[in-house]
Structure formats: structure tokens, C-alpha cells
Protein chains: 2
Amino acid sequence: MATRTRHTDRRGDALSKERIVEAAVDLLDEAGESGLTFRVLSAQLKTGPGAIYWHVANKSELLVAATDAVLAGVLAADPAGATPENAIREVALGVFDAIDAHPWIGTQLARVASQSAALRIFERLGRQIQALGVPETAHFDAASALLNYILGVAGQNAANARSQDPGTTRLDVLGAESELWASLDPAEFPFTRTVAPQLRDHDDREQFLAGVDLILGGVTGLR
Amino acid sequence: MATRTRHTDRRGDALSKERIVEAAVDLLDEAGESGLTFRVLSAQLKTGPGAIYWHVANKSELLVAATDAVLAGVLAADPAGATPENAIREVALGVFDAIDAHPWIGTQLARVASQSAALRIFERLGRQIQALGVPETAHFDAASALLNYILGVAGQNAANARSQDPGTTRLDVLGAESELWASLDPAEFPFTRTVAPQLRDHDDREQFLAGVDLILGGVTGLR
DNA sequence: TTGGTGGGTGGAACGACGTTCCAGCAATAT
DNA sequence: ATATTGCTGGAACGTCGTTCCACCCACCAA
């Protein structure tokens, strides 16, 4: 249980949870979710797996800590949007961009419940919902809806990043998927075929924001 | 590549992808996501791991097939809701209830992109969006928003189910989490503390539906 | 009827993973 | 100087997904 109180630095190369998490984030960013292994992590830290386990209970806790570490920066400042709507968009886009930069965060957010990172996002969203002037009874549902939508997009973005071959560009992937949609059975997938061209040219970030705005529209409609 | 064309049944106990998927679903339902193993699966089918690999490429494909198999039933019939709004609610609740009954589906939906099951949900949602009479340019965004929201809830429900100890009731879990929210730092989590009591008494299914209605409200607001 | 062919089987084995264990080291306290 | 404690790092364990391959048996040609 890493009390870490008495002496701050017994050796110059002292291990610490912070250093471990930092190395884990680097590894995740470079090699993806499957690249984080206690073996390569301990090699990078020039130690053995056992030493890491003295600071971190298990891999799950390490992933949570890594997610928190990255999202802490994004969620540090209170949103400065002029209106509550803009503040909500700001929070949502902050999370979106963080996931875009570190796709493994998306997997983590979508997989693990009641993580402190998710809770902080929930809090930021909820405060702005309160400022929106809708009935108090709707606050909980509205904040939850926004959070779940964001987590849903997070999971999908992470899945897309995971399944993408290193050599292909964004347009390649979208183009291929768009053609797949266009070639679907017309009887079974009329709608999906209709929007196939839009898939090719759409911007993930803009569409994400459009979804936020739809929920926001529904919330403000309660006034 | 399992052509499976010429002869329908070489032996009475013939293995097939269907039988494998069926056994996998049983295993997932009984033992959870970590309970599905090629070893116990092959034991249950009275064969070896190698035989399974003749019919299924890998575990990922097996999980996709299992998810599709369960959701196929839910998505078979066109929604019979009187209004497009009700039809959308019906599709969403069908998926929600399926995840409630088989939590592992939630993990799978939230994790894997462009799965055929997700595509079928998207199609059902999109058709009803078309019937809603909103501008065509908004169809893609609206259907995506609904799908992402549903997938987000799916992932969270699966995560909740995963982290729940076998002995505890729903009220225990909610009560504990509610107390945790209530005990958060008032300076940092004012909103979350405010809604803590609502967390204890809320109904997941109703809240899910409330979220769908918020998006629906935003969409119909575009008319 | 018989012999060969090949789709399908199942069990052994491989490599990698998360995790545990423990002998030892380096600072501090006695 | 010695004992204690916090911490290290490497070996080892059990399990997993996956691969390999010797074998079997239903079919087909002769």
C-alpha cells in the first residue's frame, strides 16, 4: 500500500505511481491498447514486473489512472463558454479531441463505469445543465444523456482507430465503408444506402457536435 | 474455409458455426464475458479447440457472431409503433432490454465498430427518422446521434453488470454509489451531490428512454 | 467391393499475457 | 554494527488465444 510518506527519494531512479502512469501513457500512445504490457512497461522503466505491482494493484487500475491523467488536463479548467450551451459544447469537444489524440481513452471510458474521469465529465455537464434553466427534475436525465452520448461516441471512435490499418488514411477508411453501405441490399438497408455518400464526406467532429446540439435542443425544449 | 455445401451432415454430431455460436451464447449468459474460453467451449461441444477454429476464424469473430445471433431476434420485426417517435422508442428499448438480459452484448456493441448488428440498429432508427419529416440533411446526424447514445448506454450497462458482485442487489449497488456521490467534495462536485438522491431511486430503463426522448425532441425541433 | 482423397476433428504444444512469489538490496532506526 | 522496513527485479505459475498436425471417416472413382 505505497504509503510514500517518510522519505521522498531513496534513490535517484525511484519508481513511483506517477512515473509508471507516465510511461504507460507513452506506451499506449505509441503502441496502442495492445502495446501496454507489464513486461515492456517494466523494461522501459528498467525494472521487473514485480516492482510495478508494488505501486499499482493491477492492469485495470493502471488503465484507469492513465485515463484520469490524460483527462485531468482537459477537465482542469472550468469551461469558459459565454452561454451554458457553449460551455457544454466546449466540455464535449475537449473530451472528443482527447479521445482523438489518445484513442485508448475511448475504450476505457466506454468500458469502465463510475471512473473518476467520467464522474468529472458528468459534473461539468451537470453544472451547465443547471444553468440552462430547465426544470430541476430533468437535470439528472439530461446530464446522463449527454454523458452517455459522449461515451458512446468515445467507444466508436476508439473502435474505429483500433480497426484501422496503420497505412490507410481517414478518407480511405471512410470511402471503403461508404462503398460497403452503398452496396447493401436495397430491400433491407434503404436508409443506410441513402446516407452512404454523406458518410464519405462527413466530419466526425462536426457530426459529434451535431449530436450534442440535438440533445441540447431537446433539453432547452423543456423550458 | 468451411464451404459446407456438398453434404449437409457427415456425422450426427457434426460441428457447425451455428452450434458453436449457440454454445458460446449459453456460456456468455451463464458465466459472463470472462467465461467464454475456447477450452471450456470445446469441452462443452465435446471436441478440441482446433475443431472450432475450422469454423470460426478467431474469438473476435465468434463474439460478433454471438452478438448478431441474439440481436437478430430483437431486430427481426419492423417496429410497429404508431408514430415514428414510438417506433424509435421501441427499437431503442428492444436493444436496451437485450443488453439487460445479456450484458456482454453491451460490451461488444460499444467496442466493435461497423458490426452488422449496429448497422441494423442504425437502419431501423434511420428509417423512422426519415418518417419524422425533418430536413434530409439532418437524417444522418440524427440517426448517428441516436445510435451513439444507445451504444453509450450499452457500454455503461455492461460495465455496471461486470463490476457487480454476484450477491448484491440492484438497490445495494445504487445505494452505495449514491452515498459515494453524496460524500464527494462539495466544492468540486456540487451538481453530482445534488443528484445523488435521484440516483438511488431512478430507473435505468426510464432514464434511458428519457435520453431517447431528449434527442427526439431535438430532432423534431428541426421541423 | 475396395482403395484413395480430402474435409473435418481433437489433442498437444507454443508463445504471450497478467499476476504472484521471494530472495535480496538500500536506506533508516536502534 | 545490527535489525528493520520499504522497495526492487527476476523467476515462475497458471491461463489464455492460437497453431500445428496426426488421424478419422464419409465420399468418390475404379
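Lettering follows sequence order; numbering is per chain, from 1.
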Undergrad: Which residues, if any, of residues 25-47 of chain A bring a heavy atom under 4.0 Å of DNA chain D?
TA: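 Of all residues in residues 25-47 of chain A, the ones placing a heavy atom under 4.0 Å from DNA chain D are A:Arg39, A:Lys46, A:Thr47.
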
Undergrad: With sequence neighbours left out, write down each residue that passes salt bridge (charged side-chain N to carboxylate O under 4.0 Å, His left out) with A:Arg205, or none if nothing qualifies.
TA: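 Checked A:Arg205 against salt bridge (charged side-chain N to carboxylate O under 4.0 Å, His left out); matches are A:Asp97.
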
Undergrad: With sequence neighbours excluded, what pairs up with A:Asp26 under the salt bridge (charged side-chain N to carboxylate O under 4.0 Å, His left out) test?
TA: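 For A:Asp26, no residue satisfies salt bridge (charged side-chain N to carboxylate O under 4.0 Å, His left out) once neighbours in sequence are set aside.
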
Undergrad: Using whole Å, what does the distance between atom P of nucleotide D:dG6 and atom CG of A:Leu15 come to?
TA: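 For the pair A:Leu15 CG and D:dG6 P, the rounded distance is 17 Å.
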
Undergrad: Could you pull out every donor-acceptor pair under 3.5 Å between side chains of residues 149-161 of chain B and any protein atom, sequence neighbours left out?
TA:
| unit_1 | atom_1 | unit_2 | atom_2 | d |
| --- | --- | --- | --- | --- |
| B:Tyr149 | OH | B:Phe208 | O | 2.9 |
| B:Gln156 | NE2 | A:Leu109 | O | 3.2 |
| B:Asn160 | ND2 | B:Gln156 | O | 3.3 |

Undergrad: Whole Å only: how far is the CD1 atom of B:Ile20 from the C1' atom of C:dG10?
TA: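 It works out to 13 Å between those atoms.
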
Undergrad: Tell me which pairs pass salt bridge (charged side-chain N to carboxylate O under 4.0 Å, His left out) where either residue lies in residues 148-159 of chain B, with sequence neighbours left out.
TA: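 Non-adjacent pairs meeting salt bridge (charged side-chain N to carboxylate O under 4.0 Å, His left out): zero.
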
Undergrad: Which angle, to the nearest 10 degrees, lies between the helix axes at the two ends of the helix from C:dT1-D:dA30 to C:dT30-D:dA1, each defined by five pairs?
TA: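 Overall, the helix from C:dT1-D:dA30 to C:dT30-D:dA1 bends by 10° from one end axis to the other.
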
Undergrad: How close or far is atom P of D:dC7 from atom OH of A:Tyr53, stated in whole angstroms?
TA: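 Rounding to the nearest Å, OH of A:Tyr53 and P of D:dC7 are 19 Å apart.
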
Undergrad: Could you check whether B:Glu177 and B:Trp181, counting side-chain N and O atoms only, form a donor-acceptor pair closer than 3.5 Å?
TA: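 Distance-only check passes for B:Trp181 and B:Glu177.
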
Undergrad: Salt bridge (charged side-chain N to carboxylate O under 4.0 Å, His left out): which pairs involve residues 180-199 of chain B, sequence neighbours left out?
TA: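 Matches after skipping sequence neighbours: none remain.
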
Undergrad: Going by salt bridge (charged side-chain N to carboxylate O under 4.0 Å, His left out), name the residues that satisfy it together with B:Glu61, two or more places apart in sequence or in a different chain.
TA: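 Partners of B:Glu61 under the salt bridge (charged side-chain N to carboxylate O under 4.0 Å, His left out) test: B:Lys17.
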
Undergrad: CD1 of A:Ile52 versus C1' of C:dT20: gap in Å, rounded?
TA: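 After rounding, the gap between these two atoms is 14 Å.
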
Undergrad: Kindly point out which of C:dT19, C:dT9, D:dC16 is positioned nearest to the side chain of B:His55?
TA: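 Minimum distance to the B:His55 side chain belongs to C:dT9.
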
Undergrad: Nearest to the side chain of B:Pro49 - C:dT19, D:dT18, C:dG10?
TA: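 Nearest nucleotide to the side chain: D:dT18.
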
Undergrad: Would you list the pairs meeting salt bridge (charged side-chain N to carboxylate O under 4.0 Å, His left out) in which at least one residue belongs to residues 148-170 of chain B, sequence neighbours left out?
TA: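 Residue pairs passing salt bridge (charged side-chain N to carboxylate O under 4.0 Å, His left out), neighbours aside: B:Glu33-B:Arg162, B:Arg170-B:Asp204.
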
Undergrad: If the cut-off is 4.0 Å, is A:Trp54 near the phosphate of D:dC7, judged by side-chain N/O to OP1 or OP2?
TA: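 Result: no.
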
